[in-house]
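In what follows, chains are A, B, ... by sequence order, proteins preceding strands, each numbered from 1.
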Amino acid sequence: MSGDTSAAAASSAADHDGVVGPGTPLLEVRDLAVEFRTPEGNVRAVDGLSYRVAAGRTLAVVGESGSGKSVSSLAVMGLLPDTARVTHGEVLLAGEDLLSLSRREHRRRCGERIAMVFQDALAALNPVHTVGYQLTEALRRRRGMSRRDAGRRAVELLDLVGVPNARGRVKDYPHQFSGGMRQRVMIATALALDPDVLIADEPTTALDVTVQAQVLRLLAEIQAERRMGLVLITHDLGVVAGMADDVTVMYAGRVVERAPVRDTFGAPAHPYTRALLHSIPSSGAGGDGEGRRLPVIPGRPPSPAALPTGCAFHPRCDTARDVCRTDPPPLEAVAVDRASACHFAAEVLASHDVPPPVEHEEAAHD
Amino acid sequence: MTEHVLEVRDLVKHFPVRRGLLRRTVGTVKAVDGVSFGLDRGRTLGLVGESGSGKSTLARVLVGIETPTSGQVLLDGQDVARLSRAGRKQLRRDVQMVFQDPYTALNPRMSVGEIVGEPFAIHRVRPPGGRAAAVGELLELVGLDPGHVSRYPHQFSGGQRQRIGIARALALRPRILVCDEPVSALDVSVQGQVVNLLQDLQDELGLSYLFVAHDLGVVRHIAHEVAVMYLGRVVERGPSGAVYDGALHPYTQALLSAAPVPDPSVRLAGPSAADAPGGGAIVLEGDPPSPTDPPAGCPFHTRCWLAPLLGGGRRIPEPCAATRPALEPPRADGGHRTATHDDGEQHGHEHARDEHTGGGPAHLAACHFARPLPAPERVGS
């Protein structure tokens, strides 16, 4: 395969067009809004989220706690808790709106075509069933496979995700696996029904760095092989940079920036994205802990129950002006394929035509 | 010669594994297996490692939650184990801990004032000006509103709770703070605030930190010196710039290379990763072995990416599987070190070496074939 990602991406987009029909993404979320019922009234956790995922592409949804990134994926899967409901929007799976279906039907469609991997594999896998049982459950119920065929498939799946001695390990229980292996098992269960789209919610956050690298590599390989669409929900901009093609940045339930990864990291178009990128302590630059302060974002993410007026980010923003305190900025195009919800997006974007000021006096000498 | 505020000599902490009705000991978890280092006043030692590497156990031994199986912990050159009761109590005041999870480390039924003031009660200390004033000062010191003393932990965000935990740790004017993953439970945008606070407090109060973390970026930022642990042992130690820019141990090299960097041109995976300049990320196979049964020879040899390359025909060089490498400076030519240490004298050797270098901490690695690998191209460098 060619080493050039952009070429690979372009060809994958072309292939996908041929398969599903021009311009139809596998999964498209349009203007999604989710509200929670609380004793203090209704709280809007997600407000106007839109994204699309095409075959063979990876979309990263980035945000901090309370940004609505996880809630939105539960809404896509039809897994929202009873206290929450979708108040607005569409979730289109190959053109069909899942939200117009009954909940039961929604779940059934998802089960066939969208799979989800959660952060905490120990909590997501059932501790009282063997891994083999959990892998075969869906195959037997949905595909009507015989016990023997499903069992064979379970071994294949474990093999595929790189669990050593797969044949022996299908009879083991989740607690008998290490954290990394459990995450692989969960990926295997997600792949059992050959989904078109995989939603991975913080899939490697609980893992060690070296194991995280293994699992991410596995996800990328499987995705490339099966031309799956991958939605990667994460707070780790390093993971985003290493894995995703496109990124959607969420803050306080809203999308603040949407762009191809390369563009955003080179020149963010929203002050929040810019601040996030600056606040990452890098293991690649800097000195020996001497007199350097991390650039930080003052304050903290707002509670969805008490959002600031105007732009939700304005109390923490370094470029906020009067209009930001009163008018919520709409998400508008700022360049080809790029959108930002900031009144001064053009300014923010332009300030990055020049490279950002060097934060660390002593840059590494590589 | 400056004396270390805190020194650890050949520290060992083993936990027995008991099974069955008679609770017979069937094995030992070698959580910490011979660790030595020194920490100077106003300095930060970063302790890096994966889960199971023993870094948290080490932290717990230092604050006295666990007692070491063998080895010494010296505070101002005094062996902690030989201290009197009163001396041990003083130790508890001098060495305080900041915990990882600000949600579980604070008693939800106590007000902030009670939490921060509790150390005074436990140690029967009457701070000058009274307890209430001292609590107010502490809250101010960590950037919280002293007017919030009567609030409860749930009324604060994660970052603020971590500040409360730091205020509590500072109450008795300790000289050393052991921070166990103090920012890993926090949002990215809040992590920096807490890291900066810790740095300010260090400058202001001359504190020494042992900073335990798995986030290599945060450690590089805050630590003057770094020790990398693997299976209960320090495999590499040195000034953080030297370790990050010129890691000597293949494990450190793999750790650094596997850490995702916020630069889209460094792909973690996919076809471009392998063809990337420098060969892309070093991805280790498998999980760390169990500390109940660490491999013979070099504990890392079962996962080492370098050893098979050296052996030519996929065979691991003989010394890697046979002899445990000592923590020492690399040979200039990067070749195989023939002389392996005598087991009994290991820590003596290290101390001799540390004192020889005089000017600053030496860069040491526990690998028979230690050699520098230039840091991969990274964003902003």
If the condition is ring pair (Phe, Tyr, Trp, His ring centres under 6.0 Å), which residues does B/Tyr209 pass it with, not counting sequence neighbours? none
Chain A heavy atoms under 4.5 Å from B/Gln160: which part of the residue, side chain, backbone, both or neither? side chain
Chain A interface, residue from B/Leu284, B/Val219, B/Thr44 that has the most non-hydrogen pairs under 4.5 Å: B/Leu284
For chain A, the option from B/Asp200, B/Val226, B/Val243 that forms the most heavy-atom pairs under 4.5 Å: B/Asp200
What residue, out of B/Ala254, B/Gly192, B/Pro264, has the most heavy-atom pairs lying under 4.5 Å from chain A? B/Pro264
Ion pair check, B/Asp245 and B/Arg220, cut-off under 4.0 Å: yes
For the residue pair B/Leu39 and B/Val5, establish whether any side-chain heavy-atom pair is separated by less than 4.5 Å. no
Minimum heavy-atom distance between A/Ala241 and B/Asp263, given as atom pair plus value: CB-N, 3.3 Å
Using the rule given for side-chain hydrogen bond (donor to acceptor under 3.5 Å, both in side chains), can you reason through A/Arg169 versus A/Gln176, listing the C-alpha separation, both sets of side-chain angles and the distance that settles it, and then say yes or no? CA-CA 9 Å; A/Arg169 300 222 66 180; A/Gln176 293 170 294; over 6 Å; no
For A/Ala275, is it the side chain, the backbone, both or neither that has a heavy atom under 4.5 Å from a heavy atom of chain B? neither
If you compare all heavy atoms of A/Asp246 against all heavy atoms of A/Arg57, which two are closest, and at what distance to 0.1 Å? OD2-NH2, 3.2 Å
Write down the atom of A/Arg338, the atom of A/Glu257, and the distance for their closest heavy-atom approach. NH2-OE2, 2.6 Å
Engaged part of B/Val195 at the chain A interface, taking heavy atoms whose separation is under 4.5 Å: side chain
Answer with side chain, backbone, both or neither: which region of B/Ser189 has an atom nearer than 4.5 Å to a non-hydrogen atom of chain A? both
Engaged part of A/Pro301 at the chain B interface, taking heavy atoms whose separation is under 4.5 Å: side chain
Chain B: which of A/Gln223, A/Met181, A/Arg300, A/Arg316 shares the most heavy-atom pairs with it under 4.5 Å? A/Arg300
Just give me the residue among A/Ser279, A/Gly180, A/Ser65 that pairs up with chain B most often, heavy atom to heavy atom, under 4.5 Å. A/Ser65
